[in-house]
Number of protein chains: 2
Amino acid sequence: MQPTAHAHRRRTSGRSVTAADVLDAAKTLFALRGYHGTSLKHVAALLEIRTPSLYNHMESKSGLLRDIVMETLADVRHEFEGVLATTATPAGQLAEATRVYALHHATHRREALIVSHETRHLPEPDLGQAQEMRRDHERRFRQIILDGAASGDFSVASPKLASFAIREMCVSVARWFREDGSFTPDDVAEEYARQALKLVGSKP
Amino acid sequence: MQPTAHAHRRRTSGRSVTAADVLDAAKTLFALRGYHGTSLKHVAALLEIRTPSLYNHMESKSGLLRDIVMETLADVRHEFEGVLATTATPAGQLAEATRVYALHHATHRREALIVSHETRHLPEPDLGQAQEMRRDHERRFRQIILDGAASGDFSVASPKLASFAIREMCVSVARWFREDGSFTPDDVAEEYARQALKLVGSKP
DNA sequence: CACACTAACTAACGCCCGTTAGTTCGTCGT
DNA sequence: ACGACGAACTAACGGGCGTTAGTTAGTGTG
């Protein structure tokens, strides 16, 4: 997230900082400089208040990280469940799961980068819970490909490797996507969904 | 790099720590906990010496990071140039470039994770130089796909997106690959090379 | 109009960081 | 046998960190 120096959305009202403002500032800075590379002084400076004032709106620095990570993982799970509920065929499910996952990483870049890079810094038991949520998504995503391979809808050498490749290629969108670049989030999401079907050799 | 707690290779001789030992310990810890999440005390503890003794073998903490990043990027460039020198067709070049890039990320996981996540913490001018080397690889990799699209060897909707997808899927190998898992580095590298050709709709 | 509440502030805490200085001690070449 | 060297050590530095305590001022409510 180095290059695009996009302005940070300041507090909504004219006066007082809210908990949402603090979370938003933390998202920007954790994504840009990393959790340990960001001090609460940086967060406070972005909000134009002094460091101790942050404690009116948050529990602790690690609490900020926990809230960002857990909320994001819950969003992803919710989106994934929406896909399974509305689509039945393996090809449809894989295309949709890929599309919403890629879309999420293009439209929530800061949160996605934080989940990818900073989750490891969570104290237990939050770390274990976060890892379990990620593994759950991993498992269910791979299951779609296994289903497609079993039914003959897909022709894929290694469902496991294909699953890794597709998911990680979506995750990486957060790393290179630029809001002012040549693609809209929907462009990327739809092309990635097509690429996913190619990767697993989906029969037409 | 959280799960596999693989043992750290200790100094080669029976007695004295070398500069290579320090670099090796730093690779392990920077990859595991991140640059700012690792203190020199951690590095020293892994080598079973006191913190100030490190300065007999290194310039500074940021110097360690610089050496790791620059050496890794130079390796990648060298490997890529070897591919271009020995292969002529777009399909051959793409397959080989993908294979060696994926292989590198499976066999040099620590270094790859550090380049991906910690390069941003380099002080200038090292940061600019590192970014330029990465962009150079990016450009030359994409050029292979553009060549293949121009010659009709490939049939691809967006060469730019395909290039992002393929490179990032290789980079991500460092994130999920386990030395004690079901795949050898060569398994992954060769399957990824095939997947790359599928992604760009390689004709023959 | 007084009261409670909230969100800002300053001051201070204990701790850990990267780094430097100065010292000891074993090894090896002369 | 001795002197130089290299690599380890202890002690100490200045500074930044996350966090707590205690205080002030402004806002909205009875």
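No hydrogens, no waters, no symmetry mates; every other heavy atom, side chains included, goes into these values.
In this structure, B:Ser62 reaches neither bases nor backbone, as no heavy-atom distance under 4.0 Å exists between it and the strands shown. Residue-level contact check: A:Thr51 touches the bases, meaning some heavy atom is under 4.0 Å from a base atom.
When the P atom of C:dT20 is taken as reference, atom CZ of B:Arg50 falls 20 Å away, rounded to whole Å. Per the geometry, CD belonging to A:Glu48 stands 18 Å off P belonging to C:dA7, to the nearest Å. Between A:Arg66 atom CZ and D:dG18 atom C1' there is a gap of 16 Å when expressed in whole angstrom units. If you measure from atom CG of A:Asn56 to atom P of C:dC9, you get 9 Å, rounded to the nearest angstrom. For A:Leu54 and D:dT20, the CG to P distance is 13 Å, given to the nearest whole Å. Rounded to whole Å, the distance from OH on B:Tyr55 to C1' on C:dT20 is 9 Å. D:dG18 atom C1' lies 12 Å from atom CG of A:Leu64, rounded to whole Å. Between the NZ atom of A:Lys61 and the P atom of C:dC15 there is a distance of 19 Å, given to the nearest Å.
If you look at B:Tyr35 and A:His36, their ring centroids are not closer than 6.0 Å. Residues B:His105 and B:Phe177 place their aromatic rings such that the two centres sit no closer than 6.0 Å.
Remark: B:His57 is in phosphate contact with D:dA8, judged by side-chain N or O atoms under 4.0 Å from OP1 or OP2. Regarding contacts with the backbone of D:dC9, a side-chain N or O of B:Ser53 is found under 4.0 angstrom from either OP1 or OP2. Taking 4.0 angstrom as the limit, A:Ser39 places a side-chain polar atom (N or O) nearer than this to OP1 or OP2 of D:dC17.
Counting heavy atoms from C-beta outward, A:Phe141 and A:Thr98 have side chains that approach closer than 4.5 Å. A:Val188 has its side chain out of reach of B:Phe164: every pair of non-hydrogen atoms, C-beta onward, lies at least 4.5 Å apart.
Which of C:dG18, D:dA8, D:dG18 sits closest to the side chain of B:Leu40 comes down to C:dG18. The side chain of A:Ser16 approaches C:dA7 more closely than any other nucleotide in the set C:dA11, C:dT19, C:dA7.
With respect to the salt-bridge test (charged N to carboxylate O, under 4.0 angstrom), the residues B:Arg135 and B:Glu138 do not qualify.
Along DNA chain D, the nucleotide nearest to A:Pro52 and the one nearest to A:Lys41 differ in position, and the one closer to the 5' end is contacted by A:Lys41.
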